[in-house]
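A quick write-up on the structure given underneath.
Note: hydrogens, waters and symmetry copies are ignored here, and every other heavy atom, side chains too, is used. For clarity, every value in this text was computed on a predicted model and none was experimentally measured.
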Amino acid sequence: MDQITVVIADRLGKGQNVAAGAEKAGAKAIVVPGMGADMRLGDVMKEHNADFGISFCGSGGAGALTAQTKYGYPAHYGMRSIEEGVTAIQNGKTVLGFGFMDVEELGERLVKAFQAEAEKK
């Protein structure tokens, strides 16, 4: 498989730690800059033909739902743990909505889960 591209969009303009973890696992990570970045997740995924995207906000749903509604990306949202994200990827979701959780382990584990699913195909 070619290099995985993941877009990370945080309501508060963060996401750099998740990006570092994704890059550690071998992915190309694109962090959407600025406040309200989560609402632009789908647009940036489409622009870069990303493999999957991660959205962060208080509820864990706004950016993921917007990407799903606007572009049809299969989404799972309202997540609060890394394990929920791994399971969502295993279930074919490509947009993942979390509460605020800018930790390196999240990016690394989600990329590894995506790689494992891609290898099964």
Run L41 and F56 through side-chain contact (heavy atoms from CB on, under 4.5 Å) and show every step you take. CA-CA 10 Å; L41 176 67; F56 297 99; over 6 Å; no
Could you give me the CA-CA distance, side-chain angles and deciding distance for V6 and K28, then say whether side-chain contact (heavy atoms from CB on, under 4.5 Å) is met? CA-CA 6 Å; V6 58; K28 174 183 177 185; over 6 Å; no
Stepwise salt bridge (charged side-chain N to carboxylate O under 4.0 Å, His left out) test for E108 and K112: CA-CA 6 Å; E108 185 176 6; K112 286 180 179 179; 3.1 Å; yes
Going through the distances and angles, do T5 and I30 end up as a side-chain contact (heavy atoms from CB on, under 4.5 Å)? CA-CA 8 Å; T5 300; I30 299 166; 3.8 Å; yes
May I have the step-by-step check of side-chain contact (heavy atoms from CB on, under 4.5 Å) for V7 and I54, ending in yes or no? CA-CA 6 Å; V7 174; I54 306 168; over 6 Å; no
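The hydrophobic cluster containing L65 also includes Y77, under a criterion of side-chain heavy atoms closer than 4.5 Å among ILVMFWY residues, counted directly or through chains of members.
Contact check for M45 versus Y71: no side-chain heavy atoms found under the 4.5 Å cut-off. No side-chain heavy atom of M35 sits less than 4.5 Å from a side-chain heavy atom of R11. Residues V103 and V18 fail the side-chain proximity criterion, which asks for heavy atoms closer than 4.5 Å. With contacts defined as side-chain heavy-atom distances shorter than 4.5 Å, the pair K93/F52 does not qualify. At least one side-chain heavy atom of V31 sits under 4.5 Å from a side-chain heavy atom of Q16.
Of all the heavy atoms in A62 and S59, the pair that sits closest is N-OG, 4.0 Å. The shortest non-hydrogen separation linking A29 to A22 is CB-CB, 4.2 Å. When all heavy atoms of A88 and M79 are compared, the closest pair comes out as CB-SD, 4.1 Å.
The line from CZ of R40 to CD of E47 is 11.0 Å long, rounded to the nearest 0.5 Å. Interatomic distance, CG of D2 versus CD1 of I4, reported as 10.0 Å (0.5 Å rounding). Separation of atoms OG (S55) and CD (Q68) is listed at 12.0 Å; rounding is to 0.5 Å. Taking CD1 of I89 as the start and CG of L96 as the end, the distance is 5.0 Å to the nearest 0.5 Å. Rounding to the nearest 0.5 Å gives a distance of 12.0 Å between CE of M101 and CG of D10. For the atom pair CG (D38) and SG (C57), the distance works out to 5.0 Å, reported to the nearest 0.5 Å.
At least one donor-acceptor pair under 3.5 Å links the side chain of Q115 to the backbone N or O of A25.
A salt bridge between E84 and R80 is absent, with no side-chain N of the basic residue lying under 4.0 Å from a carboxylate O of the acidic one. Of the charged side-chain nitrogens involved, none lies within less than 4.0 Å of a carboxylate oxygen, so that D102 and K14 do not count as a salt-bridged pair.
Under the 4.5 Å side-chain contact rule for hydrophobic residues, I82 and V111 share a cluster. Follow the hydrophobic side-chain contacts under 4.5 Å out from F98 and you never reach M39; the two are in separate clusters. Transitive grouping of hydrophobic side chains (ILVMFWY, heavy atoms separated by less than 4.5 Å) keeps Y73 and F114 in distinct clusters.
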